[in-house]
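Before any comments, here is the structure.
Note that these values count all heavy atoms, side chains included, but never hydrogens, waters or copies made by symmetry. So that the names make sense, note that chain A is the first sequence line, chain B the second, and so on, each numbered from 1.
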Amino acid sequence: MLSDDRIKELREYVSSLEHPEEALVDLMHEAQSAYGYLSDEAAEAVADIAGVPVIKVEELATFYNLIFRRPVGRKVIFVCDSISCWVMGMENMFDYLKKKLGIDIGQTTADGAFTLLPICCLGACHVAPAMMVGEKLYGNLTPERIDEILEKERI
Amino acid sequence: MFQPLLTKNFHLGRPASLKEYEASGGYAGLRAALKMAPDEVIKAVIDSGLRGRGGAGFPTGKKWSLTDRKSPGPRYFLVNADEMEPGTFKDRFLMVRDPHQVIEGLLISGYATDAGKGYIFIRYEYCEAARALNVAIEEAKGAGFIGKDILGSGFSMEISVHRSAGRYECGEETALMNALEGRRANPRSKPPYPASKGFWMRPTTINNAETVANIPHIIKMGGNTWKSLAAYDGGAGTKLYGISGRVKNPGLFELPTGTPLKEIIETHGGGMQEGYSFKACLPGGASTPLITPNNLDVPMDFDAVSKVGSRMGTGCVTVFDDTCCIVRAMINNLLFFTRESCGWCTPCRDGLPFVHDILRRIEAGVAEMDELSVLEENCETIYPNSFCAFAPGAVDPVRSMLRLFRPEVEEHIKLKRCPINGTPSPPTPSPGGRGGL
Ligand SMILES: Cc1cc2nc3c(=O)[nH]c(=O)nc-3n(C[C@H](O)[C@H](O)[C@H](O)COP(=O)(O)O)c2cc1C
Ligand code: SF4
Ligand code: FES
């Protein structure tokens, strides 16, 4: 939930802009982290603050892969499935993660800790295979390292 | 001895602070540029021979001279830091190691093109880089490098960082402008060109993050001196080259532009790891055609790599070793492109999944020989008929595979299995969801 104070601040910020639409993506990110994902309620809040129809928010939300219109876990695990990571054995890491977490790509663990998603090249190809957990980037993945990372990142 | 320019503060292993950046000669380029006329700055960049580092290699000085500086403002300068080309990791390093360099470059670029507002458009996944840039912007504001009447020159510029929300197509320059305007990142038709009607239909100049990071050095050294740093006569300056795959020493290296590909792989990359041999490489990202061992002597520069049937692209090399099935590599590549297609035009949106499916049939050993001509025909049709450069980049590596690895592709069909990975795996359904959730 966005607090009333924060909504007020955001409204002021948006009205200070020459083009309020420039703030839409920022607002979606903020609403997403406040609500856990971009729920209908969150999308409506964004539209309301930006002064645009909800359909405009929906149009963007369904375009961007980092805006989630469905619930996700407390952290999203983004596994790079692009070419350099593929060369370095990404497919095995994906299989290991699926087995370890007991979920398939696109699913969330029963305890709500992690959602598993593919992502394109994370710009860490020199330490492939790579993944991002929440906002943290990890490279040189091995099954042992994945165990450690999950342990550390689980909240 | 070769002196690194772009990477001189990389040894810190964290973002260089304003103090550290200035101690290494930082913001001297801005001070010098503000004492020059904008046309003189543009002249220096033309003299330098700098070509855009975003992949296409358009001459930067020429681009700046095309910007409409006559019609009333506001004018904009955009830094493209969307870096999502698979295999590429150069702009991220520039931003997490020396963010002030990108900011100084943007300020000089804005001065030369008379832009009062600058944006750094960065992909959301680059959290650390966005943080480093924002810290650096605050520091630079405090020191009077950003804001009104910068260093008493009369030139004013504001800078902000825009964090995107995914999708490779955001990196295409007109799609990026749409994205910044809060629209879907579909590309625009040209004309009108951004130089006269770009962001919010105002005159706009856009360059890659590495391109702008070079600008302070060009101003400090003079265009001609910078140009002479290249490895050969036709080249210009230094370039960030990356190398990944099963080499001994994968990483990012700043080298004279036009350093031979072989030297990048063998000397800097350390050569192949024990037990692996070199099969082919993508010289500059997922959209660049394959290069095979017979062309490794090629100087890594735009024209030279084009002459051997590929493109330098981003200059970040992905090496395939002998355990990589080339069909499977292309399946992986096409998965990226089918997922990232912005959906605006039919050849790309519908054609790429079709190409992807044929490749998977080949890999799974269920394709017939005549499907190769269907594959070829589709690539040749998609290539010239799509709305932007995305789809040509998607099919170009596949076309190069058909040119360079025909026997390996045909062997899959004859054996009805992958000759490298052995057992056939049944094709799975197309990735319908475009990577969203
Ligand atoms: C699909 C697509 C994606 C692109 N992605 C990027 C990118 O992430 N970063 C970038 O600098 N240029 C990218 N480009 C190239 C830009 O359109 C543009 O040419 C470039 O930013 C211009 O800067 P430069 O002249 O400094 O290279 C992309 C182009 C296409 C067609
Ligand atoms: S080629 Fe067409 S569908 Fe593909 S990214 Fe460009 S505009 Fe979008
Ligand atoms: S290909 Fe995985 S980080 Fe670049």
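- In this structure, the side chains of Tyr64(A) and Ser164(B) come closer than 4.5 Å at one or more pairs of heavy atoms.
- To the nearest 0.5 Å, atoms CZ (Phe336(B)) and CG (Asp81(A)) are separated by 9.5 Å.
- In this structure, chain B has a heavy atom under 4.5 Å from the side chain of Leu24(A), while its backbone stays farther away.
- Chain A forms the most heavy-atom pairs under 4.5 Å with one residue out of Ala179(B), Ala185(B), Gly242(B), and that residue is Ala185(B).
- For the residue pair Ser84(A) and Thr318(B), the shortest heavy atom distance occurs at OG-OG1, 2.9 Å.
- Of the atoms belonging to Met28(A), not a single heavy atom falls under 4.5 Å from chain B.
- Annotation: the span from Ile83(A) atom CD1 to Glu85(B) atom CD amounts to 11.0 Å, rounded to 0.5 Å.
- Side-chain contact check for Trp200(B) and Glu22(A): at least one donor-acceptor pair (N or O, by modelled atom type) lies under 3.5 Å.
- Options Gly251(B), Ala165(B), Ser244(B) differ in how many heavy-atom pairs under 4.5 Å they form with chain A, and the most are formed by Ala165(B).
- In terms of heavy atoms, Arg184(B) sits closest to Leu60(A) at N-CD2, 3.6 Å.
- Side-chain contact check for His29(A) versus Tyr124(B): some heavy-atom pair is nearer than 4.5 Å.
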Original post:
Would Arg123(B) and Cys120(A) satisfy side chain to side chain contact (heavy atoms under 4.5 Å, CB included), going step by step from the backbone distance to the final call?
Top reply: CA-CA 11 Å; Arg123(B) 61 184 294 198; Cys120(A) 71; 4.1 Å; yes

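- Summarising the geometry of Tyr126(B) relative to Gly123(A), their closest heavy-atom pair is OH-CA, 3.4 Å, with the distance given to 0.1 Å.
- Contacts of Met88(A) with chain B are made by both backbone and side-chain atoms, with heavy-atom separations under 4.5 Å.
- Contact check for Arg339(B) versus Pro118(A): side-chain heavy atoms found under the 4.5 Å cut-off.
- Among Ala124(A), Ala23(A), Cys85(A), Cys121(A), the residue making the largest number of heavy-atom pairs under 4.5 Å with chain B is Cys121(A).
- Heavy atoms of Ile105(A) lying under 4.5 Å from chain B are absent altogether.
- In this structure, no portion of Cys281(B) lies under 4.5 Å from any heavy atom of chain A.
- Using a 4.0 Å cut-off between a side-chain N of Lys or Arg and a carboxylate O of Asp or Glu, Glu91(A) and Arg328(B) qualify as a salt bridge.
- Interface remark: Tyr119(B) contributes side-chain atoms only to the contact with chain A (heavy atom separation under 4.5 Å).
- No part of Cys316(B) comes within reach of chain A, as not one of its non-hydrogen atoms sits under 4.5 angstrom from that chain.
- Using a 4.5 Å cut-off between heavy atoms, Asp91(B) does not touch chain A at all.
- Closest approach of Asp26(A) to Arg163(B), counting heavy atoms only: OD1-O, 4.3 Å.
- Using a 4.5 Å cut-off between heavy atoms, Val319(B) touches chain A through its backbone atoms (N, CA, C, O) alone.
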**OP:** Decide yes or no on ring-ring contact (aromatic ring centres under 6.0 Å, His included) for His19(A) and Phe199(B), but give the supporting numbers first.
**Re:** CA-CA 11 Å; His19(A) 303 286; Phe199(B) 185 46; 7.3 Å; no

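- Contacts between Ala128(A) and chain B at a heavy-atom distance below 4.5 Å are absent for every atom of the residue.
- By the 4.5 Å heavy-atom criterion applied to side chains, Asn65(A) and Arg167(B) are counted as neighbours.
- Within the 4.5 angstrom heavy-atom criterion, only backbone atoms of Glu181(B) (N, CA, C, O) approach chain A.
- Using a 4.5 Å heavy-atom cutoff, the side chains of Glu128(B) and Lys136(A) are not in contact.
- Contact annotation: the side chain of Arg92(B) approaches that of Leu137(A) to within less than 4.5 Å [non-hydrogen atoms, C-beta and beyond].
- Cys324(B) places a side-chain heavy atom less than 4.5 Å from the side chain of Val87(A).
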**OP:** Quick one: do Leu252(B) and His126(A) satisfy side chain to side chain contact (heavy atoms under 4.5 Å, CB included)? Show the steps, please.
**Re:** CA-CA 8 Å; Leu252(B) 189 71; His126(A) 61 309; over 6 Å; no

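- For the options Glu83(B), Lys90(B), Arg183(B), Glu169(B), heavy-atom pairs under 4.5 Å to chain A are most numerous at Arg183(B).
- Trp86(A) places none of its side-chain heavy atoms less than 4.5 Å from the side chain of Asn333(B).
- Atoms CD and OG, from Glu340(B) and Ser82(A) in turn, are 8.0 Å apart once rounded to the nearest 0.5 Å.
- Within 6.0 Å of the NZ atom in Lys8(A), the count of heavy atoms belonging to other residues, nucleotides or ligands does not exceed 12.
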**OP:** Evaluate salt bridge (Lys or Arg N to Asp or Glu O under 4.0 Å) for Glu135(A) paired with Arg131(B), printing each intermediate quantity in order.
**Re:** CA-CA 11 Å; Glu135(A) 298 220 326; Arg131(B) 259 194 304 274; 3.6 Å; yes

